[in-house]
**Student:** 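Shown below is the structure under consideration.
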Amino acid sequence: MQATRLFHRRAILRGALAPLCALLTVGAPAAHATETAQQYPSRAIRLIVPFAPGGVTDTGARLVADKLGQRLGQQVIVDNKPGASGNIGTQMAAQATPDGYTLVVGFDGTLVINPHVHRNIPFDTLKDLAPVSKIGDAALIIVANPSLPANNLQELIAYSKSHSNGVSYGSAGVGSTPHLAGELLRQRTGAKLVHIPYKGGGQAMADVVGGSLPLLYTAVAGAYPYVERKQIKAIAVSTDKRLASLPDVPTVQESGVPDFIANSWIGILAPAGTPDDIVAKLQGEIRAVVNAPDIRERLAGLGITASGNTPAEFRKQIASDLAMYEDIVKKAQIRAD
């Protein structure tokens, strides 16, 4: 009998406590989410680089990751996930939990060109990713073998039109930013430029230095030493103004092609849905990192001009570049697969 009464008392107690336990259980995630946002970051951050180690994108990302981790008080771990022109690593980031602990280094070729030249891209740049901040812009340059009888852009355009086969120009590959920049130049000027894709910029540079390739569209960082040694000649840079490192080289705009700007860029993005306050905090810290004198100098050595723009500014550029490259690709009917 006593055992029966004890059983009933326990049952009543469980019934009374059940609503309270349920309330506490429901409230726990919300409290945790608020605490995470306020104390972010409380653990290491993963920064996916969707390319192999050693390239400009990877090197630039590591410079920023090291200093960003110091400012945030938590390690920022670079995780290289190469493959499919950056699509694999970018997809991993797009599908990650949007809590600020997975970020990705975005490259213009992956985010604004790949969607137009590759079939079945596994992410939507604007819908699946939240721009945080651009690290910087990597200037592009048109260079030629010294034997090419053209010393400026207008001479190059005229020379190409006077030859039935035009002038061949190399790039790092089909769908690369230099390839599209060359195509844009062709469309805007009527120059007879014939694209020769390479599997990387190194062999293309060797061929233009050696004379088997007359013209190359490439990143300034890779071309600069050869220009300085006069092994190749610089025709024009496709930035909005002249570069401090090459003050005597005119821009494409100065050379008679109005509103022509074609740069490569890298930046940091988060999965869509990452809390705005976390994105804002990351942007502020990234801006501080890339504009620190030592980091600006080291980025400049990679051919990158530091930026650190806002999420809204970064998103606006991504949207604009997506539209620009879509038009170029459609007109030229470019496919990379």
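When a residue number appears, it is its place in the shown sequence, counting from 1. All values reported here derive from a predicted model rather than from experimental measurement.
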**Student:** Give the minimum heavy-atom separation between L246 and E228, together with the two atoms involved.
**Tutor:** CD2-OE2, 4.4 Å

**Student:** Give a yes or no on whether the backbone of D99 and the side-chain of T97 come within a donor-acceptor separation of less than 3.5 Å.
**Tutor:** no

**Student:** Please tell me whether V56 and L47 are part of a single hydrophobic cluster in this structure, the criterion being side-chain heavy atoms less than 4.5 Å apart.
**Tutor:** yes

**Student:** Taking all atoms of both residues into account, what is the closest heavy-atom pair of S307 and N291, and its distance?
**Tutor:**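 Where S307 meets N291 most closely, the heavy atoms are O-ND2, 3.4 Å.
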
**Student:** Are side-chain heavy atoms of E155 and I235 found at a separation under 4.5 Å?
**Tutor:** no

**Student:** Could you measure the distance from the CZ atom of R298 to the NZ atom of K67? Nearest 0.5 Å is fine.
**Tutor:** 7.5 Å

**Student:** Is L185 reachable from I141 through a run of I, L, V, M, F, W or Y residues, each pair having side-chain heavy atoms under 4.5 Å apart?
**Tutor:** no

**Student:** Got a sec, which residues hit side-chain hydrogen bond (donor to acceptor under 3.5 Å, both in side chains) with S133, two or more places apart in sequence or on another chain?
**Tutor:**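 With sequence neighbours excluded, S133 shows a side-chain hydrogen bond (donor to acceptor under 3.5 Å, both in side chains) to no residue whatsoever.
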
**Student:** Strictly distance-based, threshold 3.5 Å: is any side-chain N or O of K192 a donor or acceptor partner for the main-chain N or O of S164?
**Tutor:**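 Looks like yes, one N/O pair under 3.5 Å.
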
**Student:** Please round to the nearest 0.5 Å and tell me the distance separating atom CG of L126 and atom CG of L111.
**Tutor:** 9.0 Å

**Student:** Report the C-alpha separation of L72 and L282 in whole Å, then their side-chain angles, then the decisive distance to 0.1 Å, and conclude whether the side chain to side chain contact (heavy atoms under 4.5 Å, CB included) test is met.
**Tutor:** CA-CA 9 Å; L72 291 172; L282 284 168; 4.1 Å; yes

**Student:** If we only count heavy atoms from C-beta on, is the H179 to I334 side-chain gap below 4.5 Å?
**Tutor:**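 The answer is yes, as the side chains (C-beta and beyond) meet within the 4.5 Å cut-off.
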
**Student:** If we ignore hydrogens and angles and just use 3.5 Å, is the side chain of K233 paired with the main-chain N or O of A150 as donor and acceptor?
**Tutor:**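 Yes; at least one donor-acceptor contact below 3.5 Å.
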
**Student:** For the hydrophobic clusters of this structure (ILVMFWY residues joined by side-chain heavy atoms under 4.5 Å, transitively), does one cluster hold both L302 and V220?
**Tutor:**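 In one cluster with L302: V220, no.
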
**Student:** Please tell me whether T218 and Y169 have a donor and an acceptor in their side chains that are separated by less than 3.5 angstrom.
**Tutor:** no

**Student:** Atom CG of N120 and atom NE2 of H118: how far apart are they, to the nearest 0.5 Å?
**Tutor:** 11.5 Å

**Student:** Can you tell me if Y198 and D207 form a side-chain donor-acceptor pair at under 3.5 Å?
**Tutor:** yes

**Student:** For a quick test of reading the model, state the closest non-hydrogen atom pair linking V105 to A61 and the distance between them.
**Tutor:**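 Where V105 meets A61 most closely, the heavy atoms are CG2-CB, 3.6 Å.
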
**Student:** Indicate yes or no for a side-chain donor-acceptor contact from E183 to the backbone of I328 under 3.5 Å, with no hydrogens or angles considered.
**Tutor:**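 Not a single qualifying donor-acceptor pair exists.
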
**Student:** Which distance, rounded to the nearest 0.5 Å, do you find between the CD1 of I266 and the CD1 of I135?
**Tutor:** 4.0 Å

**Student:** Could you tell me whether a side-chain N or O of Y40 sits under 3.5 Å from a main-chain N or O of G100, the two making a donor and an acceptor?
**Tutor:** yes

**Student:** Between Q75 (side chain) and I45 (backbone), is there a donor-acceptor pair under 3.5 Å?
**Tutor:** no

**Student:** Could you walk me through whether L63 and L299 satisfy the side chain to side chain contact (heavy atoms under 4.5 Å, CB included) test, starting with their C-alpha distance in whole Å, then the side-chain angles of each, then the deciding distance to 0.1 Å, before giving a yes or no?
**Tutor:** CA-CA 8 Å; L63 280 176; L299 287 173; 4.1 Å; yes

**Student:** Could you state the interatomic distance from CD (Q253) to CG (D259), rounded to the nearest 0.5 Å?
**Tutor:**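 These two atoms lie 6.0 Å from each other.
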
**Student:** Find the distance between OH (Y101) and CD (Q74) and round it off to the nearest 0.5 Å.
**Tutor:**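 Y101 OH to Q74 CD: 7.0 Å, rounded to 0.5 Å.
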
**Student:** Same hydrophobic cluster for I48 and F314, using side-chain heavy-atom links shorter than 4.5 Å among ILVMFWY?
**Tutor:** yes

**Student:** Indicate, with yes or no, if F123 and I113 share a hydrophobic cluster defined by side-chain heavy-atom contacts under 4.5 Å among Ile, Leu, Val, Met, Phe, Trp and Tyr.
**Tutor:**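 Result: yes, single cluster for both.
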
**Student:** Would you say S171 and H195 make side-chain contact, with heavy atoms under 4.5 Å?
**Tutor:** yes

**Student:** In the structure I gave you, are the side-chain heavy atoms of Y159 and L148 within less than 4.5 Å of one another anywhere?
**Tutor:** yes

**Student:** Check whether more than 12 heavy atoms from other residues, nucleotides or ligands sit under 6.0 Å from atom CG of D294, and answer yes or no.
**Tutor:**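 Above 12, so yes.
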
**Student:** For D58, which residues count as a side-chain hydrogen bond (donor to acceptor under 3.5 Å, both in side chains) partner, sequence neighbours excluded?
**Tutor:** R62, N80

**Student:** Does any non-hydrogen side-chain atom of T90 lie less than 4.5 Å from one of F107?
**Tutor:** no

**Student:** Quick one: closest heavy-atom pair of P115 and L322, and the distance?
**Tutor:**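 Closest approach of P115 to L322, heavy atoms only: CG-CD2, 4.2 Å.
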
**Student:** Closest approach of L243 and A139, non-hydrogen atoms and distance?
**Tutor:** CD1-CB, 3.8 Å

**Student:** Under 3.5 Å, side chain of N145 to main-chain N/O of V208, donor-acceptor pair present?
**Tutor:**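 Present.
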
**Student:** Side chains of I318 and L269, heavy atoms from C-beta outward: is any pair under 4.5 Å?
**Tutor:** yes

**Student:** Please find the pair of heavy atoms, one from Q283 and one from P311, that lie closest to each other, and give the distance.
**Tutor:**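 Looks like CG-CD, 3.5 Å.
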
**Student:** Do V329 and L180 have side chains that get closer than 4.5 Å, going by heavy atoms?
**Tutor:** yes

**Student:** Side-chain contact test, heavy atoms from C-beta onward, threshold under 4.5 Å: evaluate it for L215 versus L193 and give yes or no.
**Tutor:**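 They are in contact (side-chain heavy atoms under 4.5 Å apart), so the answer is yes.
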
**Student:** Do N114 and S85 have side-chain atoms, one donor and one acceptor, less than 3.5 Å apart?
**Tutor:**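 No, no side-chain donor-acceptor contact under 3.5 Å.
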
**Student:** Is a donor from one side chain sitting under 3.5 angstrom from an acceptor on the other, for K134 and Q317?
**Tutor:**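 The criterion, which ignores hydrogens and geometry beyond distance, is satisfied for Q317 and K134.
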
**Student:** Can a donor-acceptor pair be found, under 3.5 Å and without considering hydrogens, that links the side chain of R186 to the backbone of V194?
**Tutor:** no

**Student:** Can you list the steps and then say if T177 with Y325 is a side chain to side chain contact (heavy atoms under 4.5 Å, CB included)?
**Tutor:** CA-CA 9 Å; T177 309; Y325 285 119; 3.7 Å; yes

**Student:** Checking side-chain polar atoms at under 3.5 Å, does D108 have a donor or acceptor matched by the opposite partner on S264?
**Tutor:** yes

**Student:** Answer yes when K281 and E285 have at least one side-chain N-carboxylate O distance shorter than 4.0 Å, and no when they do not.
**Tutor:**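 A salt bridge is absent here (no side-chain N lies under 4.0 Å from a carboxylate O).
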
